[in-house]
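Quick caveat, the model's predicted, so the values are computed rather than measured. The chain is numbered in sequence order, starting from 1.
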Amino acid sequence: PPLARHTPTAQPMMALTAYSALILLQSATVLLEARAIFRPNVLVVGASVCAYYAMSAAVACKQASALYGVFFVLLAQPRYWLALLLMLALTLLPVVALKAAWLHAAPHRLTRTERERLRLGAP
């Protein structure tokens with residue numbers, strides 16, 4: 001059933017989708033705001049995302065949980081993955097675009113430290 005309908009699982013599905021997007025957004029932000037992308041950084045961020053999904057799966061397996069059975073149904077829906085992708089794109093794109101525009105539009109107005117702070121993934 002569509003998420004817009006008022007089914008008993010619609011609210012937990014929407015909540016889990018929003019919280020998953022928040023976790024992924026914070027993980028992507030940590031990687032984008034790092035001065036350089038090193039293997040340990042990527043491993044720690046990837047491990048935190050995997051830990052989130054593992055803990056959500058563990059909670060979804062308990063019958064007393066409000067997410068009982070919802071998490072696995074949600075993971076199988078392409079709509080969930082599309083929603084995550086769109087939420088990440090819509091929240092990260094403006095930030096990255098503004099930084100790139102500011103970095104390339106007026107580089108002579110920026111000090112060296114400001115340029116390095118705005119540059120994505122530069123050491």
Engineer: Please give me the minimum heavy-atom distance between Leu24 and Tyr53, naming the atom from each residue.
Structural biologist: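 The answer is CD1-OH, 4.1 Å.
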Engineer: As an exercise, state the distance from CD of Gln26 to OG1 of Thr91, rounded to the nearest 0.5 Å.
Structural biologist: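 Interatomic distance, Gln26 CD to Thr91 OG1, rounded to 0.5 Å: 9.5 Å.
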Engineer: Quick check: is Phe72 connected to Val49 through a chain of hydrophobic side chains (ILVMFWY, heavy atoms under 4.5 Å apart)?
Structural biologist: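 Yes: a chain of side-chain contacts under 4.5 Å links Val49 to Phe72.
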Engineer: Please give me the minimum heavy-atom distance between Leu74 and Thr17, naming the atom from each residue.
Structural biologist: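 Looking at all heavy atoms of both residues, the shortest contact is CD2-OG1, 3.7 Å.
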Engineer: Please report the shortest heavy-atom distance between Pro94 and Ala89, naming the atom on each side.
Structural biologist: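 Minimum heavy-atom contact is CD-O, 4.2 Å.
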Engineer: Examine Met13 and Leu22 and state if one hydrophobic cluster contains both, with Ile, Leu, Val, Met, Phe, Trp and Tyr joined whenever side-chain heavy atoms are less than 4.5 Å apart.
Structural biologist: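 Yes; tracing contacts between hydrophobic side chains, which count when under 4.5 Å, links both residues.
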Engineer: Are Leu84 and Val73 connected into the same hydrophobic cluster when the rule is that any two of I, L, V, M, F, W, Y join if their side-chain heavy atoms are below 4.5 Å apart?
Structural biologist: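 Same cluster: Val73 reaches Leu84 through Ile, Leu, Val, Met, Phe, Trp or Tyr contacts under 4.5 Å.
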Engineer: State, to 0.1 Å, how close Phe71 and Ala60 come at their nearest heavy-atom pair, and which atoms those are.
Structural biologist: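 Smallest interatomic distance, heavy atoms only, reads CB-CB, 3.4 Å.
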Engineer: From Leu25 CG over to Leu90 CG, what is the distance, rounded to the nearest 0.5 angstrom?
Structural biologist: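 Rounded to the nearest 0.5 Å, the CG-CG separation comes out at 11.0 Å.
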Engineer: Say whether, by atom type as modelled, one donor and one acceptor occur between the side chain of Trp81 and the main chain of Leu75 under 3.5 angstrom.
Structural biologist: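 Yes: the side chain of Trp81 pairs with the backbone of Leu75.
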Engineer: A quick test of your reading: do over 12 heavy atoms of other residues, nucleotides or ligands sit less than 6.0 Å from CZ of Phe38?
Structural biologist: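 No, not enclosed.
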Engineer: Can you name the residues that form a side-chain contact (heavy atoms from CB on, under 4.5 Å) with Tyr52, not counting sequence neighbours?
Structural biologist: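 For Tyr52, the residues satisfying side-chain contact (heavy atoms from CB on, under 4.5 Å) (neighbours in sequence not counted) are Leu16, Tyr19, Ser20, Ile23, Ser56.
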Engineer: Search all heavy atoms of Ala21 against all heavy atoms of Leu88 and return the closest pair with its distance.
Structural biologist: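 Ala21 and Leu88 have their closest heavy atoms at O-CD2, 4.2 Å.
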Engineer: According to a 4.5 Å side-chain heavy-atom criterion applied to Ile, Leu, Val, Met, Phe, Trp and Tyr, with indirect links allowed, do Val44 and Val42 form part of one hydrophobic cluster?
Structural biologist: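 No, because Val44 and Val42 fall into different hydrophobic clusters, even though each may have its own neighbours under 4.5 Å.
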